[in-house]
Protein chains: 2
Amino acid sequence: MKLDEAKERFIQSWGALGSNWGINRTMAQIHALLLVAPEPLSSEEVMAMLSISRGNANMNLRALIDWGLVRKEHKSGERREYFVAEKDIWRVAMQVIVERRKREIAPVLQMLAEVRDVEGKDENPEVQSFIASVENLDTIVGQADAFLDLLVKADQNWFANTLLKLFKKEKVNS
Amino acid sequence: MKLDEAKERFIQSWGALGSNWGINRTMAQIHALLLVAPEPLSSEEVMAMLSISRGNANMNLRALIDWGLVRKEHKSGERREYFVAEKDIWRVAMQVIVERRKREIAPVLQMLAEVRDVEGKDENPEVQSFIASVENLDTIVGQADAFLDLLVKADQNWFANTLLKLFKKEKVNS
DNA sequence: AGTGAAATTCAGAACTAATTGAAAGTTCTA
DNA sequence: TAGAACTTTCAATTAGTTCTGAATTTCACT
């Protein structure tokens, strides 16, 4: 496969993946494009390479900056702004986790805490079963949240090592 | 808060959450509804409670069954089918992970393997840097995949215990 | 094998999200 | 402070997704 073809394929797949995860396709494509670009790109270049409009490029570049996945770079003596993606994929992944945790897990935990405190837990068995479901959910979501918190504070080696150890244990146990 | 109100809030939030994660709102709402329903519900009941059409209810119920989150239940002597959600949330979470892993991680690993074998790795430095990015990504995605595989094989207690241990270590280390 | 109750399908309608592009805004240089 | 170079905004449009409901099929019972 030729380099350009490989890049194209990578960008397309990354875009498709993004759109399954609530990230819009263009945003994921721009991210992919910047990831494999050897140099910072200007918005003109992004527009041209993905055949998208100025407005679209601008909007999605800003969203990427918002997520902490891309940053602006100024070349001295140039009016034009350039964009670079964070190239360390581990950091990219952690950044995505941090953001989604903040935007999504936190509100869910909040909601669960609220609905949990429903009236009539002392007499009504239906209420009791509802509370049981909610508490169950709260435990799991809480555990996942704690785990992600641990993960984002850790580094990649720690993760890889832990994983390795866990694998070994699995083998022993089975 | 009254029980009905709490259920309503739960269903709405669950629906909103789903739509951020590539699961359509109605599907997530039906799931939420069944999760907190004390009894199996018929599609008529689902339709009525969420004010959705027959077709929509049918389609999404089937999608839920497909994901392994809901199952049909027959009451003897009844033509009508009833639906129950898997109530063990841990299992629900694992089921979702299994599905998404199958549908999404596998194709990404495939794509990465393909684009990795781009021409010119011996002379062109741009090709080399592209390959480096892709390999980097492949490592992380592969690790995540392995981790999820481990996770789905384990049970909730194992996860909670491991997590607990990791927390303790963190404290000692810091 | 006929009946009616329930499940399924699917073409088009309704809704939602993404995109465009032109206009307005900003910032730099002279 | 004029105007060129670039960025940002946003109303209108286009594309994509979900939902509806009538038509069709399946099924259980007689």
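Owing to the predicted nature of the structure, the values given are computational and were not obtained by experimental measurement.
Atom-to-atom, CD of Glu44(B) to P of dG21(D) comes out at 14 Å; the value is rounded to the nearest Å. Rounded to an integer number of Å, the gap from Met59(A) CE to dA11(D) P is 14 Å. Per the geometry, CG belonging to Asn60(A) stands 13 Å off P belonging to dT9(D), to the nearest Å. We find that CG of Leu64(B) is positioned 13 Å from P of dT18(D), with the value rounded to whole Å. Here the P atom of nucleotide dT17(D) and the CE atom of Met27(B) are 16 Å apart, to the nearest Å. The distance between atom CG of Asn56(A) and atom P of dA17(C), rounded to the nearest whole Å, is 16 Å. Rounded to an integer number of Å, the gap from CZ of Arg54(A) to C1' of dA23(C) is 13 Å. In this structure, Asn58(A) places its CG atom 17 Å from P of dA24(C), rounding to the nearest Å.
A close approach under 4.0 Å does not occur between any side-chain nitrogen or oxygen of Ser42(B) and OP1 or OP2 of dA6(C). Close to dC15(C), at under 4.0 Å from its OP1 or OP2, lies no side-chain N or O of Arg25(B). A close approach under 4.0 Å does not occur between any side-chain nitrogen or oxygen of Arg62(B) and OP1 or OP2 of dA7(C). Look at Lys72(A) and you'll find a side-chain N or O under 4.0 angstrom from OP1 or OP2 of dT8(D). The phosphate of dA7(C) (OP1 or OP2) has a side-chain N or O of Ser43(B) nearer than 4.0 angstrom. For Thr26(A) and dT19(C), the shortest distance from a side-chain N or O to OP1 or OP2 is below 4.0 Å.
For the pair Val118(A)/Phe10(B), no side-chain contact is recorded, criterion being any heavy-atom separation below 4.5 Å from C-beta on.
In terms of polar N and O atoms assigned as donor or acceptor, the side chain of Arg79(B) comes within less than 3.5 Å of the base of dT26(D) in a complementary pairing.
Backbone-only contact: Ser51(B) has heavy atoms under 4.0 Å from sugar-phosphate atoms and none from a base.
In this structure, a donor-acceptor pair under 3.5 Å is absent between the side chains of Asn157(A) and Asn161(A). Judged purely by distance below 3.5 Å, without hydrogens or angles, the side chains of Ser42(B) and Glu45(B) pair a donor atom with an acceptor atom. Gln12(B) and Gln29(B) share a donor-acceptor pair across their side chains, judged by distance under 3.5 Å alone.
Using a 30° and 60° split on the angle between ring planes, Trp90(A) and Phe159(A) fall in the tilted class, from 30° to 60°.
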